[in-house]
Amino acid sequence: MRTIDDLDVSGKRVFVRADLNVPLDGERITDDGRIRAALPTIVKLRERGARVIVAAHLGRPKGAPDPRYSLRPVAARLGELLGAEVAFAADTAGESARATAASLGDGQVALLENVRFEPGETSKDDAERGELADRFAELAELYVGDAFGAVHRKHASVYDLPGKLPHAVGGLVLTEVEVLRTLTADPRRPYAVVLGGSKVSDKLGVIDNLLGTADRILIGGGMVFTFLKAKGYEVGSSLLEADQLDTVRGYLERAEREGVEIVLPVDVVAAEKFAADAPHAPVDVEAIPADRMGLDIGPRSQELFAGKLADARTVFWNGPMGVFEMEPYAGGTRALARALVDSDAFTVVGGGDSAAAVRALGFDEEAFGHISTGGGASLEYLEGKDLPGIDALR
């Protein structure tokens with residue numbers, strides 16, 4: 001893949017597809033991690049005299065303008081971080097976008113409105129996506145793909161547009177792919193994987209693939225209750241995907257055959273209801289009350305997991321251990337992050353809620369080997385799937 005260094009960008013309009021899909025509370029950005037991750041590529045292009053046109057998505061609007069998903073607050077924050085004004089186009093690929101792109105001088109930056117305000121961005125129809133990509137291509141002379149969090153999507157600005165302009169891969173995507181290649185090709189061992197989050201069905205493909213590469217897999221979060229049920233435990237009113245029980249049993253049997261250690265919690269924090277103020281207490285996994293739901297791994301499990309990570313040389317973590325947004329159920333995720341910080345391993349935090357938890361719980365991002373910006377993209381890479389946005393940049 002060509003990099004930015006392979007392009008002559010001076011005085012050229014460069015379309016940069018970035019991932020600026022940040023969480024908002026109204027118009028207040030609650031976590032600007034993805035904006036900060038996009039900065040190095042944008043800064044590098046500015047310093048080389050490019051006229052930078054940034055495009056991104058936010059949330060899941062229905063292919064039409066929706067003020068709840070406007071990127072205007074992101075433009076303001078991006079400008080603050082760059083220390084320079086960022087022009088904002090009031091539409092995605094229309095009159096305002098064309099005028100804004102044309103007005104840029106060397107080293108200046110503009111942000112287009114949410115690309116998902118255009119129905120063609122996410123369309124399954126090749127011609128509809130292609131038409132939007134043609135309009136994007138009119139805005140610029142070069143393309144840089146740097147939205148790792150979207151490379152698993154066959155979307156117009158990610159997949160179709162690179163074929164219409166001279167293109168290169170951005171620094172963020174290049175780093176992400178190099179890190180993930182390390183995890184799949186030649187990880188230092190022992191190689192431990194920690195999986196959490198709510199649904200086991202979201203992780204089936206990656207579990208299937210990791211059973212051939214990981215030495216041990218630690219399971220937490222809401223998905224663990226399907227594993228516990230598959231082993232014969234009662235899980236009370238905890239989250240359960242009953243339709244996945246046979247699949248999980250198959251994975252447990254296969255792991256035993258192939259010598260992969262599956263580590264499950266020995267206790268959980270069980271609450272009367274899904275609320276921060278609900279009565280709650282740690283209970284052994286063999287004794288979860290019928291009227292309680294598990295919302296975090298328990299203190300003994302925190303020690304167990306930390307011990308299983310102590311000798312690891314490589315760790316990949318995707319998914320929180322509990323409902324970390326509520327303080328009574330944040331202990332497991334906090335303890336896991338602490339174990340990774342204290343580890344001598346190369347630690348990779350696999351994007352999404354895990355990356356958000358690291359920041360929300362106050363950990364220094366520099367204490368981890370790598371924090372990914374794309375949870376879904378990371379998982380699909382580890383599943384062995386082709387990523388359309390990467391294929392388009394080759």
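Given the structure is predicted, the values throughout are model-derived calculations rather than measurements.
- Cluster partners of Val315 are Val194, Leu218, Val263, Val266, Ile297, Leu304, Phe305, Leu309, Trp317, Met321, Leu336, Leu340, Val341, Val349, Val358, Leu361, Phe363, Phe368, Ile371, counting Ile, Leu, Val, Met, Phe, Trp and Tyr whose side-chain heavy atoms approach within less than 4.5 Å, directly or via other members.
- Remark: Val86 pairs with Ala75, Leu78, Leu82, Val109, Leu111 by the side chain to side chain contact (heavy atoms under 4.5 Å, CB included) rule, at least two apart or across chains.
- Sequence neighbours left out, the pairs with a member in residues 327-349 that pass salt bridge (charged side-chain N to carboxylate O under 4.0 Å, His left out) are Glu327-Arg334, Arg338-Asp342.
- Applying the ring-ring contact (aromatic ring centres under 6.0 Å, His included) rule to pairs touching residues 180-223 yields nothing, sequence neighbours excluded.
- Residues satisfying the side chain to side chain contact (heavy atoms under 4.5 Å, CB included) test with Ala276, not counting sequence neighbours, are Met326, Pro328.
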Residues 180-187 side chain polar contacts: donor-acceptor under 3.5 Å, at least two apart:
from: Thr182; atom 1: OG1; to: Glu178; atom 2: O; distance (Å): 3.0
from: Thr184; atom 1: OG1; to: Leu180; atom 2: O; distance (Å): 3.2
from: Thr184; atom 1: OG1; to: Arg181; atom 2: O; distance (Å): 3.2

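- Other residues, nucleotides and ligands place no more than 12 heavy atoms under 6.0 Å from the CD atom of Glu95.
- Using a 4.5 Å cut-off between side-chain heavy atoms of Ile, Leu, Val, Met, Phe, Trp and Tyr, Leu172 forms no hydrophobic cluster with any other residue.
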Result block: side-chain N/O donor-acceptor pairs under 3.5 angstrom for residues 98-105, not counting sequence neighbours:
from: Thr100; atom 1: OG1; to: Ser96; atom 2: O; distance (Å): 2.7
from: Ser103; atom 1: OG; to: Thr100; atom 2: O; distance (Å): 2.8

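- With sequence neighbours excluded, the residues forming a side chain to side chain contact (heavy atoms under 4.5 Å, CB included) with Asp311 are Pro190, Arg216, listed by chain and number.
- For Ala97, the side chain to side chain contact (heavy atoms under 4.5 Å, CB included) partners two or more places apart in sequence, or in a different chain, are Ala89, Asp91, Leu112, Leu139.
- Judged as a ring-ring contact (aromatic ring centres under 6.0 Å, His included), and not counting sequence neighbours, the contacts of His280 are Tyr329.
- Taking Tyr159 as the reference, nothing meets the ring-ring contact (aromatic ring centres under 6.0 Å, His included) condition, with sequence neighbours excluded.
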